[in-house]
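Presented below is the structure to which this report refers.
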There are 2 protein chains.
Amino acid sequence: MEVNNIIDHLTQHGVKPSPQRLNIYKYLIEEKNHPTVDTIFKDLIGAMPTLSKTTVYNTLKLFIDKGVAKVINIENNETRYDADTSIHGHFKCEKCLKVFDINIDMSEIKTLDISGFLIKETHFYLKGICKKCRSD
Amino acid sequence: MEVNNIIDHLTQHGVKPSPQRLNIYKYLIEEKNHPTVDTIFKDLIGAMPTLSKTTVYNTLKLFIDKGVAKVINIENNETRYDADTSIHGHFKCEKCLKVFDINIDMSEIKTLDISGFLIKETHFYLKGICKKCRSD
DNA sequence: ATTAATTTTGCAACAATTACAATAATGTAA
DNA sequence: TTACATTATTGTAATTGTTGCAAAATTAAT
């Protein structure tokens, strides 16, 4: 995505694009690694030496509120973030620890037990061993 | 489930049924509230006044290892536990905070992107407002 | 009964996250 | 521009869920 498009996208969602926010958002969409706060912080501190970890937390919370990012909750001690807000699933490899995107067809899922329930968020993930790690 | 059945079930999975383990497991299957460690501890400390929170942690970790319980990870700051180890999903109501079980047909899901991947765990959950809370 | 092995317990340590107040940056109106 | 108001960023302290660890208690074995 072009920088101008990013600025538009954030602005349209009510996120004022400060330098920190821009860099964090760019990082989220360019590195498709579903990073943790710590990863984001460590990868950006070089380019923005004054960056504070609190800012990363604040910014991600803002992104979630404004709907330009989503939380991925696979392990209870590592919250990850994803700028892809479409409904999709994840696969976490227990060996290389990478998180992969997977497409899912949710139409088959919304069923029986929860008729009358209002669904706001859909989360799906698998854990196991990825193809590459199995052959290593 | 009868107590003897519970003992058999735990034993068959390699869990020696101490009083603490028995009570925690019974709590898990009787109260279908998908409790947190804190909830379990607070609800059992009356009946077992010497119970330690560390024991609850240890016991649940053992249950997971031995396959008689599963982790439910919906919020990043509240790990919940479930003695139903079959593949099923959950719905968390944002208003009353209850967690409901939902049946899912996983055959529709395992797809494309992850051919060749070894799947060990399947997790699915929704968030929203439950029927009762919508009508209140 | 002694000894060995396992389980439980309490407390300290740790790590992720949040609260909060101070500082910095930005926007606005004269 | 200058002065003022608003918003964003930062650093530190506090909080919370979890784990590490060694001592005490319980259970099993000889």
Side-chain angles (χ1 to χ4, degrees), chain A residues 6-7 10-11 13-27 34-66 68-82 92 97 99, chain B residues 6-7 10-11 13-27 34-66 68-82 92 97 99:
Chain A
I6 295 177
I7 291 177
L10 293 180
T11 306
H13 283 81
V15 176
K16 207 180 294 182
S18 72
Q20 286 85 343
R21 289 168 181 175
L22 258 179
N23 279 331
I24 293 172
Y25 189 77
K26 273 168 61 188
Y27 179 85
H34 311 89
T36 62
V37 163
D38 209 58
T39 306
I40 298 170
F41 178 74
K42 285 187 176 135
D43 285 354
L44 291 183
I45 189 71
M48 319 184 70
T50 71
L51 183 65
S52 155
K53 200 175 270 190
T54 301
T55 298
V56 181
Y57 276 105
N58 290 342
T59 301
L60 290 169
K61 180 172 292 182
L62 181 70
F63 286 175
I64 307 291
D65 284 352
K66 300 301 187 182
V68 296
K70 282 169 64 173
V71 171
I72 306 172
N73 241 305
I74 298 180
E75 313 291 344
N76 58 7
N77 60 338
E78 66 169 35
T79 307
R80 292 167 174 266
Y81 297 87
D82 194 343
K92 175 160 184 182
L97 306 180
V99 174
Chain B
I6 294 177
I7 291 176
L10 294 179
T11 306
H13 283 80
V15 176
K16 206 180 293 181
S18 71
Q20 287 85 344
R21 290 168 180 175
L22 258 179
N23 279 331
I24 293 172
Y25 189 76
K26 272 168 62 189
Y27 180 85
H34 311 90
T36 63
V37 163
D38 209 58
T39 306
I40 298 170
F41 179 73
K42 284 187 175 134
D43 285 353
L44 291 183
I45 190 70
M48 319 185 70
T50 71
L51 183 65
S52 154
K53 200 175 269 191
T54 302
T55 298
V56 181
Y57 277 104
N58 291 342
T59 301
L60 290 169
K61 179 172 290 181
L62 181 71
F63 285 175
I64 307 291
D65 285 352
K66 300 302 188 180
V68 295
K70 282 171 63 173
V71 171
I72 306 173
N73 240 305
I74 298 181
E75 313 291 344
N76 58 7
N77 60 338
E78 64 169 38
T79 307
R80 291 168 174 267
Y81 298 87
D82 194 342
K92 174 160 183 181
L97 306 180
V99 174

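To find a chain, count down the sequence lines: A is the first, B the second, and so on, and within it residues start at 1. Please read these numbers as outputs of a predicted model, since none were measured by experiment.
Atom CD1 of A:I40 is separated from atom C1' of C:dA16 by 14 Å (rounded to the nearest Å). For B:R80 and D:dT18, the CZ to C1' distance is 17 Å, given to the nearest whole Å. The interatomic distance linking B:E75 (CD) with C:dT18 (C1') rounds to 16 Å, in whole Å. A straight line from OH of B:Y81 to P of D:dG17 spans 12 Å, rounded to a whole angstrom. Here the C1' atom of nucleotide D:dT15 and the CG atom of B:N77 are 12 Å apart, to the nearest Å. For the pair A:I45 CD1 and D:dT9 C1', the interatomic distance rounds to 12 Å; values are reported in whole Å. The CG-P distance, from A:L60 to C:dA16, rounds to 15 Å in whole Å. Atom CG of B:N76 and atom C1' of C:dT18 are 12 Å apart (whole Å).
Evaluation of the side-chain contact (heavy atoms from CB on, under 4.5 Å) rule for B:L62 yields B:V15, B:R21, B:K66 as partners, not counting sequence neighbours. Qualifying side-chain contact (heavy atoms from CB on, under 4.5 Å) partners for A:L22, counting only residues two or more places apart in sequence or in other chains: A:I6, A:I7, A:L10, A:P17. Checked against salt bridge (Lys or Arg N to Asp or Glu O under 4.0 Å), A:K92 has the following partners two or more places apart in sequence or in another chain: A:E75, A:E78. Take A:N76 and apply the side-chain contact (heavy atoms from CB on, under 4.5 Å) test, not counting sequence neighbours, and it matches B:N73, B:T79.
Note on A:T36: nothing from the nucleic acid sits closer than 4.0 angstrom, heavy atoms only.
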B/S/- contact track for nucleotides 5-10 of chain C, protein heavy atom under 4.0 Å: -SSSBB

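Applying the side-chain hydrogen bond (donor to acceptor under 3.5 Å, both in side chains) test to every pair with at least one member in residues 42-58 of chain B, sequence neighbours left out, gives these pairs: B:Y27-B:D43, B:D38-B:K42, B:D38-B:K53.
Note on B:Y57: a side-chain N or O is less than 4.0 Å away from OP1 or OP2 of D:dT18.
The two residues B:L97 and B:R80 have their closest heavy-atom pair at O-NH2, 3.7 Å.
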